[in-house]
Amino acid sequence: MNFSKLSQSFKMSIKSIMGNKGRSALTMLGIIIGVASVIILTGIGEGATSTINDSLAEMGTKLITVSMSRGGWGGSTRTVSIDSMQEFLDENPDLVEAMSPSMSGNVLLKVGNENTYTSLTAYDSTYADIKDPKIQSGRFISEFDITHRSYVCIVGTYIVQEYFGGMDPVGETIKLNGRQFKVVGVYEEKGNSTETSQDNAVTIPYTTAMRFLKNKNITTYYFSAATEESVEAAVNSLESYITNKLGTDTGFTVSSVAEIMDTLDEITGTMTTMLAGIAAISLVVGGIGIMNIMTVSVSERTREIGIRKAIGARTTDILTQFLVESTIISAMGGVVGIVFGVGVGQLVCTLISMQFVTKPSMVMLSFFFSLFIGIFFGIAPAKKAAKLHPIDALRSE
Amino acid sequence: MIRLENITKIYQMGDTEVRALDGVSIHIKPHEFVSIIGPSGSGKSTLMNMIGCLDVPTGGRYWIDGVEGSKMTDNQLADLRNRKIGFIFQQYNLLNKLSALENVELPLIYRGIPAAEREAMAKRALERVGLIDKIHHKPTELSGGQQQRVSVARALSANPSLILADEPTGALDSKSGVEIMQMLHDLHADGNTVVIITHDLNIAKQAERIITIRDGKITSDIDNKNDRADATNVKGSDIGDNENGKTADLDADLKENEEKEKYIHDLLENTSSGGDAE
Ligand SMILES: Nc1ncnc2c1ncn2[C@@H]1O[C@H](COP(=O)(O)OP(=O)(O)OP(=O)(O)O)[C@@H](O)[C@H]1O
Ligand SMILES: [Mg+2]
């Protein structure tokens, strides 16, 4: 089999595919649907994964959260003191680099004569080292505020829109549960500045909050791991430290974004593989379609095969001709399927405002897989054609 | 060139067996112009398929240029058909999706001849059969006579030494038939071996040697060199390599001239009556 012959059978195949457009298109359909579904399903899977990962990464990949919970029915919340947590921070500089206690609740907000409930969070000034608080104007809580238990607050954009008419409120005062607070900063918009969004929020120093809310129990601590690699060690270390302090390993959880991301990656990875598997099955079905049509084509073209053999086509010439044909059909189907899959996937994902990810590796994989399908399922009919005896083939109608 | 010895071809049709060829021995020498004549169903096509290495016999042996057929692989047989044999079929057997030029190029493709050279050869062949202005026509856009000329061009494009024609004029009107026969005469004059199968006595008589076949058996093998029909402009009649010794065993019933004429006439009668009987 030399190159000239191969390029010749390529030309002949194209001719025969073009000469039978309707049937060729039908044959391709199986492959098109198969490849397109591989592309769409994996694209959506990957898109969802990266959307989730992006928003998790937004939270900070080094973030570690310690949550205290109530121990059993009616049991009181046991907690580890701020001093103990500070001690952990000081003793493990290679694992963690910042710590902030955190409290949260709802408060009655009063600006002028208007009242509303808003969600309140309280942090240490060190919170800014753990996570960028994203202040658009003014400042975040300062160390001074913490030590002096200042009555200062940072407000969300909903409050700015609703009570200050969009004017910069820094320097103004608001009332929280009847106490006057000075606005020192404004958060960037997080949601859409509506009442139910994250923008209807107020943040105050945790020291102020402890006095103001008359609650000494801190239920949440935020840590920042020293490096992304130390997250796991820091989580383990914190767990045993807290277990030691509390005398039990229940009633609290230590979690990290990295850990959640890993778990999610695993779940979405499995899902993507599963989706790809289902799609691959449709590709195989497409391949069987190719085999079917090629077999029909061989019987329809028995006489042609006979003529070719009579004038000197070798077994391998016929074999290659049919193999090349089925391979071209499925390769064309693969390309159309990829274009179709990417197009439909993009469109659908835009409509439902999701992310769609086309990985070049996936595109290559599905293309070569369809090529393989064409060869694999083309072999049987091609062999059948090649094995025909010239005289029997010539006699057939 | 081709030698068949005691060739049989048996088709098993349920319980009965059909002896399409029954102990046929022929020796076709280079540069001969042989016609094989016989009634319908006598085994002519079967015999041609044997000579052309398209079919394998049930029994007997055959040699092509000294090589025994049964010892050749399928690929060797394919190459042999490709290089040495040019087929002309009654039903033309052209590929309808290809143009005249592409049809003529086909055997050259399988021979592995590069495109440019191939095209030149195919065009030369089409020029020779007078179809140079129709090279891009599909077979369905050509008349029967033109299609058969394309198939003649295809047979001669690869420059084979043996031209095998199975009722080449069978589907043609008499004028086209004469044209095709003229081409075969020309090919013979150029030194090709030509074997033509027919049930038309007028065509058979144009050959140098007439073999008659009935019920799968050779019934006569006659030297017709001196009595060739002059219906056409016969060239190359000077080619004479008929060695009496070798043909003697084959044409045991070599006849005198009048006898021969009578024999063939008888045969013709039989042919038509045989045809009616079918
Ligand atoms: N594939 C086959 N299966 C069974 N019998 C066959 C087959 N091919 C040919 N025969 C039989 O063999 C015999 C010879 O057939 P062949 O085609 O050689 O005849 P022919 O001389 O060419 O006839 P015609 O002039 O009609 O073309 C016939 O009786 C035919 O029925
Ligand atoms: Mg016949």
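Per chain, numbering begins at 1; letters A, B, ... match sequence-line order.
Residues of residues 99-108 of chain B placed with any heavy atom under 4.5 Å of a heavy atom in chain A are listed by number as B:Glu102, B:Leu106, B:Pro107.
For the atom pair CG (B:Asn49) and CZ (A:Arg395), the distance works out to 6.0 Å, reported to the nearest 0.5 Å. A distance of 10.0 Å separates OG of A:Ser16 from CG of B:Leu98, quoted to the nearest 0.5 Å.
When heavy atoms are compared at a cutoff of 4.5 Å, B:Leu94 approaches chain A solely by way of its backbone atoms N, CA, C and O.
With contacts defined as side-chain heavy-atom distances shorter than 4.5 Å, the pair A:Leu394/B:Phe89 qualifies. Within the 4.5 Å cutoff, the side chain of A:Ile307 has heavy atoms near those of the B:Arg154 side chain. Inter-residue side-chain proximity for A:His389 and B:Leu54 is flagged as unmet; no heavy-atom pair is nearer than 4.5 Å.
Counting heavy atoms of neighbouring residues, nucleotides and ligands inside a 6.0 Å radius, atom CE of A:Met354 exceeds 12 of them. Applying the 6.0 Å contact sphere to CD of A:Glu266 captures no more than 12 heavy atoms from other residues, nucleotides or ligands. Within 6.0 Å of CE on A:Met271 lie no more than 12 heavy atoms contributed by other residues, nucleotides or ligands.
Residues A:Arg303 and B:Asn93 have side chains that bring a donor and an acceptor to within less than 3.5 angstrom of each other.
Using a distance-only test at 3.5 Å, with no hydrogens or angles considered, no donor-acceptor pair links the side chain of A:Arg314 to the main chain of B:Asp79. Although no hydrogens or angles enter the test, the distance criterion places a donor-acceptor pair under 3.5 Å between the side chain of B:Asn82 and the main chain of A:Ile311.
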